[in-house]
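Computation of the quantities below employed the complete heavy-atom set of this structure, encompassing side-chain atoms and omitting hydrogens, waters and symmetry-equivalent molecules. Within every chain, numbering begins at 1; the chains are lettered A, B, ... in the order of the sequence lines, protein sequences first and strands thereafter.
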Number of protein chains: 2
Amino acid sequence: MFSQTVEYALRAIVFLADKSPEACTTEQIAERTQVPKPYLSKVLQNLSRCEIVRTQRGVGGGVTLLRPPAELTILEVVNAVEPIQRIATCPLGLKSHGKNLCPLHRRMDDAMASVEAAFRNTTLAEILAEPTGSPPLCDDRKPERKPALARS
Amino acid sequence: MFSQTVEYALRAIVFLADKSPEACTTEQIAERTQVPKPYLSKVLQNLSRCEIVRTQRGVGGGVTLLRPPAELTILEVVNAVEPIQRIATCPLGLKSHGKNLCPLHRRMDDAMASVEAAFRNTTLAEILAEPTGSPPLCDDRKPERKPALARS
DNA sequence: TTTAAAGTGGATATGATTATCCAATTTTGC
DNA sequence: GCAAAATTGGATAATCATATCCACTTTAAA
């Protein structure tokens, strides 16, 4: 029901939010989120154009979340890569319906509205803070080879 | 968020439910629901295999709803043509998560669950009975050229 | 029995999504 | 300035969803 692209974008953003406000390279994100790197880079370009992340070239560059996780919702991420298409007018173009959806499309749109609302009401911070055993996405792993030397 | 195929299948079923228990030809359905006929016929074949409709060849044949509209839900139709894919286990295959979804996937799955529930709770009869000005799908039209002579 | 109506199945085309590759550009540190 | 690290942009491939076409079969009625 959600496209691969949406899934990938959300994985990347959750990972970035977890590291926020530090920057990560596309390579790091790709590895930990199991998203094919070349494709991920396209998705990130999109998120960059939508001002969700900032990208920085060159040595020491990478991708950074532009806003604090508490102020970024899942919906904004989803809408950046693949906007949720609500049904605004009769898909059959029936003049007699117009904006007054028939019962079928009314319910389909209601379903989409509930998804939209759920996504609007969830911030990245909430996802990170969830009191669950498993941290989002990331498997329990040995720490990175060189965890020290935090890039200031 | 829902594919064309789902949209088409639902349109066809609503139309059929409205005529139920009479049979309609693919041609009639295609015309009134504005679905390309060759594609619609594939969709209907699918619904036929899933025992949602019955198809009958030959003169006077056509497509019939197999069950009364009150006993058919939107969900069954959707699942017949394109099953709603719930997230059962961690999409990243993380062993430490397993069936215990991380907060991100938990919420994505919750969203899908709400759609599924809404669709499960709506029967075709409810859609037809909705007290709305406009009947489902069908524009207000002059009656067919020859409305009499109901095919018994 | 012939004919016209109707769905079936298979082949094929078209378009969008997903995915990959690479040369070019930017940036930092030496 | 040079080299290495990083993203960018464009070209291209692979796969799936959408759509079309047609010869064939089934069926009922004349």
Side-chain angles (χ1 to χ4, degrees), chain A residues 1-12 16 19 22-31 33-66 78 80-85 91 146 149 151-152, chain B residues 1-12 16 19 22-31 33-66 78 80-85 91 146 149 151-152:
Chain A
M1 193 153 102
F2 303 113
S3 71
Q4 276 300 97
T5 307
V6 163
E7 165 81 26
Y8 291 166
L10 287 173
R11 283 190 207 174
L16 277 171
K19 305 291 186 189
E22 297 220 349
C24 307
T25 67
T26 304
E27 177 109 39
Q28 293 172 325
I29 305 173
E31 189 198 347
T33 59
Q34 296 183 34
V35 176
K37 192 178 102 160
Y39 194 69
L40 176 63
S41 77
K42 299 299 183 192
V43 175
L44 288 172
Q45 277 177 42
N46 230 319
L47 292 170
S48 172
R49 285 189 214 99
C50 295
E51 315 260 90
I52 306 266
V53 303
R54 191 177 60 89
T55 53
Q56 176 69 34
R57 295 189 188 188
V59 178
V63 189
T64 326
L65 216 56
L66 260 179
V78 171
V81 295
E82 193 167 287
I84 289 186
Q85 297 275 75
K146 292 196 188 327
L149 280 157
R151 179 197 335 274
S152 125
Chain B
M1 195 154 100
F2 304 112
S3 70
Q4 276 298 95
T5 307
V6 162
E7 164 81 26
Y8 290 167
L10 287 172
R11 280 189 208 174
L16 278 169
K19 304 291 185 187
E22 295 220 351
C24 307
T25 68
T26 303
E27 177 108 40
Q28 292 173 326
I29 305 172
E31 188 198 349
T33 59
Q34 296 183 34
V35 176
K37 193 178 104 162
Y39 195 68
L40 176 63
S41 76
K42 300 299 185 192
V43 175
L44 289 172
Q45 277 177 41
N46 230 318
L47 292 171
S48 172
R49 286 190 212 97
C50 295
E51 314 258 273
I52 307 263
V53 302
R54 190 176 63 86
T55 52
Q56 177 69 35
R57 294 190 190 188
V59 177
V63 188
T64 327
L65 215 57
L66 260 178
V78 171
V81 294
E82 193 168 287
I84 290 186
Q85 298 274 84
K146 290 193 185 338
L149 279 158
R151 179 195 335 275
S152 125

If the condition is salt bridge (Lys or Arg N to Asp or Glu O under 4.0 Å), which residues does A:Lys42 pass it with, not counting sequence neighbours?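 Here no residue qualifies.
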Would you please name every residue forming a salt bridge (Lys or Arg N to Asp or Glu O under 4.0 Å) with B:Glu27, sequence neighbours left out?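 Result, salt bridge (Lys or Arg N to Asp or Glu O under 4.0 Å) vs B:Glu27: B:Lys37.
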Which whole-number value in Å describes the distance from [X] [atom1] to [N] [atom2]?
{"X": "A:Gln45", "N": "C:dA24", "atom1": "CD", "atom2": "P", "result": "17 Å"}
{"X": "A:Asn46", "N": "C:dT18", "atom1": "CG", "atom2": "P", "result": "12 Å"}
{"X": "B:Glu7", "N": "D:dA17", "atom1": "CD", "atom2": "C1'", "result": "15 Å"}
{"X": "B:Leu16", "N": "C:dG7", "atom1": "CG", "atom2": "P", "result": "11 Å"}
{"X": "B:Arg49", "N": "C:dG9", "atom1": "CZ", "atom2": "P", "result": "6 Å"}
{"X": "A:Glu27", "N": "D:dT7", "atom1": "CD", "atom2": "C1'", "result": "12 Å"}
{"X": "A:Leu44", "N": "C:dT20", "atom1": "CG", "atom2": "P", "result": "15 Å"}

Within this structure, what is the [atom1]-[atom2] distance for the pair [X] and [Y], rounded to the nearest 0.5 Å?
{"X": "A:Arg54", "Y": "A:Thr64", "atom1": "CZ", "atom2": "OG1", "result": "4.5 Å"}
{"X": "B:Tyr8", "Y": "B:Leu44", "atom1": "OH", "atom2": "CG", "result": "13.0 Å"}
{"X": "A:Leu40", "Y": "A:Glu31", "atom1": "CG", "atom2": "CD", "result": "12.0 Å"}
{"X": "B:Met1", "Y": "A:Gln85", "atom1": "CE", "atom2": "CD", "result": "11.0 Å"}
{"X": "A:Thr33", "Y": "A:Leu10", "atom1": "OG1", "atom2": "CG", "result": "11.0 Å"}

Using a heavy-atom cut-off of 4.0 Å across all strands, would you classify B:Ser48 as base, sugar-phosphate, or nothing?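 Result for B:Ser48 = nothing.
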So what does B:Thr55 hit on the nucleic acid, given a heavy-atom distance under 4.0 Å: a base, only sugar-phosphate, or nothing?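 It contacts sugar-phosphate atoms only.
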Heteroatom pairs (N/O) under 3.5 angstrom, protein to nucleotides 13-16 of chain D:
none

Report, one line per pair, each donor and acceptor closer than 3.5 Å where one atom sits in a side chain of residues 45-53 of chain A; sequence neighbours left out.
none

Contact summary for B:Val6 and B:Val78, nearest pair of heavy atoms: CG1-CG2, 4.0 Å
Shortest non-hydrogen separation from A:Cys24 to A:Lys19 and the atoms involved: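 Of all heavy-atom pairs spanning A:Cys24 and A:Lys19, the closest is SG-CG, 3.5 Å.
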Taking atom types as modelled and ignoring hydrogens, do the side chains of B:Thr5 and B:Glu82 form a donor-acceptor contact shorter than 3.5 angstrom?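 There is no such pair (donor and acceptor under 3.5 Å, judged by atom type) between the side chains of B:Thr5 and B:Glu82.
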Sub-3.5 Å pairs of nitrogen or oxygen atoms, protein against nucleotides 18-20 of chain D:
residue: D:dT18; atom: OP1; partner: B:Gln4; partner atom: N; Å: 3.0
residue: D:dT18; atom: OP2; partner: B:Thr5; partner atom: OG1; Å: 2.4
residue: D:dA19; atom: OP1; partner: B:Tyr8; partner atom: OH; Å: 3.2
residue: D:dA19; atom: OP2; partner: B:Tyr8; partner atom: OH; Å: 3.2

Is there any protein nitrogen or oxygen under 3.5 Å from a nitrogen or oxygen in nucleotides 26-30 of chain D, and what are the pairs?
residue: D:dT26; atom: O4'; partner: B:Arg57; partner atom: NH1; Å: 3.2
residue: D:dT26; atom: O2; partner: B:Gly58; partner atom: N; Å: 3.4
residue: D:dT27; atom: O2; partner: B:Val59; partner atom: N; Å: 3.2

